[in-house]
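The next block holds one structure in the form of structure tokens; read it before the comments.
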Amino acid sequence: MYVRRSWFFAGAALLALAGCGGSAAVTPSGGAAESASAFGSAGAMACGIPNYYRFGGSCVSGRLMREGTTYKLAAYRGIGASFTLPPENKARKFTFTFADATGKGDIGKLHGQKFPLYPNPCGDASCPGTAFLYVGLGLTGPGPLLASGPSIFTYRKSGGYPGATCGEAELTGGKWYAFGNPAVPKGDRVTFNSPIAYVTGAITIAVYCE
């Protein structure tokens, strides 16, 4: 759906996330959300990624706003997540959906095939660490979205992380590829800041630590 490792903007790591403090919020409790729920609860089918794996944790879906948008997932098995996207000045109609799972029996099959848990199959020379969360990301809209600045993905986990340094990997072409820069957890939080170009469709992100 998008590929961070090959869609970096030159020098974009130095960009500030303009307007972050004034970004709109989309949360599972409602508000600006077009639909949001935890799978397994009443109305669960209202939020999900069409024609993709079904993630058994929290889910949130909503339109990207001109001033930027923060999508927040309710805590699931002690893990919460938020995804802040920069402003979209062209005001085109893009809708993002985020859904999560831990990979412990809570990801459904796709076309009869089981979900390939990180790190196998690995597309890089090596795929380090242990994944503690999987995030399905879906985008619908009129075409590619070249974001105006970095996207900030933040995860909060109770009970500690499975390693001192964490990273993200994407499932692309049936294989896992690491992307972006590693991050060190601070307390119960770990934050990744990466420039991203988005393409309509769906992918999965594995969040891992080593």
Side-chain angles (χ1 to χ4, degrees), residues 1-36 47-50 52 58-74 80-100 133-156 166-173 177-186 189-207:
M1 180 286 238
Y2 64 48
V3 182
R4 283 197 209 185
R5 58 191 179 87
S6 62
W7 285 58
F8 277 16
F9 300 113
L14 301 178
L15 292 176
L17 184 59
C20 176
S23 62
V26 180
T27 69
S29 60
E34 293 183 355
S35 59
C47 184
I49 302 171
Y52 198 58
S58 298
C59 181
V60 63
S61 182
R63 184 169 296 177
L64 179 64
M65 309 302 289
R66 288 179 61 91
E67 65 270 28
T69 308
T70 295
Y71 299 85
K72 296 182 179 180
L73 288 174
S82 66
F83 310 92
T84 298
L85 279 65
E88 170 49 43
N89 293 325
K90 295 181 180 179
R92 291 182 291 183
K93 295 181 179 180
F94 291 94
T95 296
F96 280 88
T97 299
F98 294 88
D100 66 1
L133 189 69
Y134 296 89
V135 178
L137 193 164
L139 173 64
T140 59
L145 172 61
L146 301 179
S148 61
S151 295
I152 300 176
F153 291 0
T154 300
Y155 307 95
R156 300 187 67 172
C166 301
E168 293 174 299
E170 62 180 338
L171 183 63
T172 301
Y177 296 89
F179 64 83
N181 297 316
V184 175
K186 296 182 179 179
R189 180 177 302 185
V190 61
T191 299
F192 300 92
N193 184 331
S194 299
I196 304 173
Y198 297 91
V199 179
T200 54
I203 66 158
T204 299
I205 298 170
V207 191

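Nothing fancy with the numbering, it's 1 onward along the sequence.
Atom CD of E88 sits about 12.5 Å away from atom CZ of R63, to the nearest 0.5 Å. How far OH of Y198 is from CG of L64: 9.0 Å, rounded to the nearest 0.5 Å. In this structure, L145 CG and T200 OG1 are separated by 10.0 Å, a value rounded to the nearest 0.5 Å. The line from NZ of K72 to OG1 of T84 is 8.0 Å long, rounded to the nearest 0.5 Å. The distance from atom CD1 of I203 to atom OH of Y177, rounded to the nearest 0.5 Å, is 13.0 Å. Remark: R156 CZ to L73 CG distance equals 14.0 Å, nearest 0.5 Å.
In plain terms, the two heavy atoms of F192 and C166 that are nearest each other are CE2-O, 3.6 Å. Closest heavy-atom contact between A169 and F179: C-CE2, 3.4 Å. The minimum heavy-atom distance linking T70 with S82 is given by the pair CG2-CB, 4.2 Å. F94 and P144 get closest at one heavy-atom pair: CZ-O, 3.8 Å. When all heavy atoms of T97 and S61 are compared, the pair lying nearest together is OG1-OG, 2.9 Å. I49 and A202 get closest at one heavy-atom pair: CG2-CB, 3.6 Å.
Side chains of L171 and Y134 form no contact here, defined as non-hydrogen atoms less than 4.5 Å apart. Put simply, the side chain of P195 does not reach to within 4.5 Å of the side chain of S151, judged on heavy atoms.
When atom types are taken as modelled, the side chain of Y71 and the backbone of L85 share no donor-acceptor pair closer than 3.5 angstrom.
Between F83 and F96, the distance from one ring center to the other does not fall under 6.0 angstrom.
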From CA spacing to verdict: side chain to side chain contact (heavy atoms under 4.5 Å, CB included), Y155, V135:
CA-CA 11 Å; Y155 307 95; V135 178; 4.0 Å; yes
